[in-house]
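Read through the structure below, which is laid out as structure tokens, and then see the notes.
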Amino acid sequence: EFVDGLRVDRVLQLHVAGHDGTGPFIVDTHGGPACSEVLQLYDYVVDRVGSVWSLFEWDSQLPAVGRVVQESLRLRERSHARQSQIRNIG
């Protein structure tokens with residue numbers, strides 16, 4: 001519901017990060033890769049807003065830089081794939 005209420009013309013950038021879900025709450029920790037539920041939400045938002053800048057945040061428990069780049073590229077590939085699907089359908 002929250003995402004559906006956003007004014008898509010105001011969305012300029014998406015931030016994606018990993019989290020800790022071991023307790024009673026999901027805490028945005030920026031400490032790992034994004035889980036499948038976060039990536040599904042990312043897909044849903046990209047479908048609504050189109051292609052916008054996406055930032056993958058990984059600020060703690062840092063792996064080798066190549067791993068962070070890999071996550072960033074994964075977001076870009078997902079976004080491009082979603083936009084290609086929309087163009088092919090439309």
Side-chain angles (χ1 to χ4, degrees):
E1 291 177 25
F2 174 78
V3 172
D4 291 333
L6 294 174
R7 288 187 50 191
V8 297
D9 61 318
R10 300 278 182 138
V11 178
L12 302 176
Q13 188 177 65
L14 300 174
H15 291 232
V16 179
H19 67 277
D20 180 355
T22 58
F25 303 103
I26 295 173
V27 179
D28 180 10
T29 61
H30 297 198
C35 67
S36 62
E37 292 85 0
V38 169
L39 294 174
Q40 288 172 7
L41 180 58
Y42 176 80
D43 292 342
Y44 183 75
V45 174
V46 167
D47 287 349
R48 292 200 68 240
V49 304
S51 183
V52 296
W53 287 99
S54 297
L55 173 67
F56 186 82
E57 300 179 90
W58 197 327
D59 305 331
S60 63
Q61 302 172 5
L62 291 172
V65 70
R67 179 72 171 101
V68 179
V69 170
Q70 193 176 38
E71 287 298 314
S72 296
L73 292 174
R74 182 165 71 143
L75 285 182
R76 183 170 63 181
E77 290 167 4
R78 289 180 81 93
S79 176
H80 288 181
R82 304 299 295 181
Q83 292 306 300
S84 291
Q85 287 176 355
I86 290 169
R87 282 192 296 274
N88 290 336
I89 291 172

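Because only heavy atoms are used, hydrogens play no part in the values below, and waters and symmetry mates are left out as well, while side chains stay in.
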Inset, instruction - Determine whether Val46 and Phe2 fall in the same hydrophobic cluster, where Ile, Leu, Val, Met, Phe, Trp and Tyr are linked whenever their side-chain heavy atoms lie under 4.5 Å apart. - result: yes
Inset, instruction - Find the distance between CD (Glu77) and CD (Gln70) and round it off to the nearest 0.5 Å. - result: 9.5 Å
Inset, instruction - State, with a plain yes or no, whether a side-chain heavy atom of Trp58 is found less than 4.5 Å away from one of Val65. - result: no
Legend entry - Residue Leu6 excluded, over 12 heavy atoms near CG under 6.0 Å: yes
Legend entry - By side-chain contact (heavy atoms from CB on, under 4.5 Å) - contacts of Ala34 (at least two apart): Val16, Val38, Leu39, Phe56
Legend entry - Test side-chain contact (heavy atoms from CB on, under 4.5 Å) applied to Gln61 - qualifying residues, sequence neighbours left out: none
Legend entry - Ser60 side, atom OG; Asp20 side, atom CG - distance, nearest 0.5 Å: 9.5 Å
Legend entry - Distance (rounded to the nearest 0.5 Å) between Asp28 CG and His19 NE2: 9.0 Å
Inset, instruction - Quick one: pull up NE2 in His80 and OG in Ser51 and give me the separation to the nearest 0.5 Å. - result: 5.0 Å
Inset, instruction - Identify whether Val3 and Leu75 are in the same connected component of the hydrophobic contact network (ILVMFWY, side-chain heavy atoms under 4.5 Å). - result: yes
Legend entry - Any pair counted as salt bridge (charged side-chain N to carboxylate O under 4.0 Å, His left out), so long as it reaches residues 65-75, sequence neighbours left out: Arg67-Glu71, Glu71-Arg74
Inset, instruction - With the side chain counted from C-beta on, respond yes when Leu55 and His15 share a heavy-atom pair under 4.5 Å apart, and no when they do not. - result: yes
Legend entry - Cluster link Tyr42 to Val8, ILVMFWY, side chain under 4.5 Å: yes
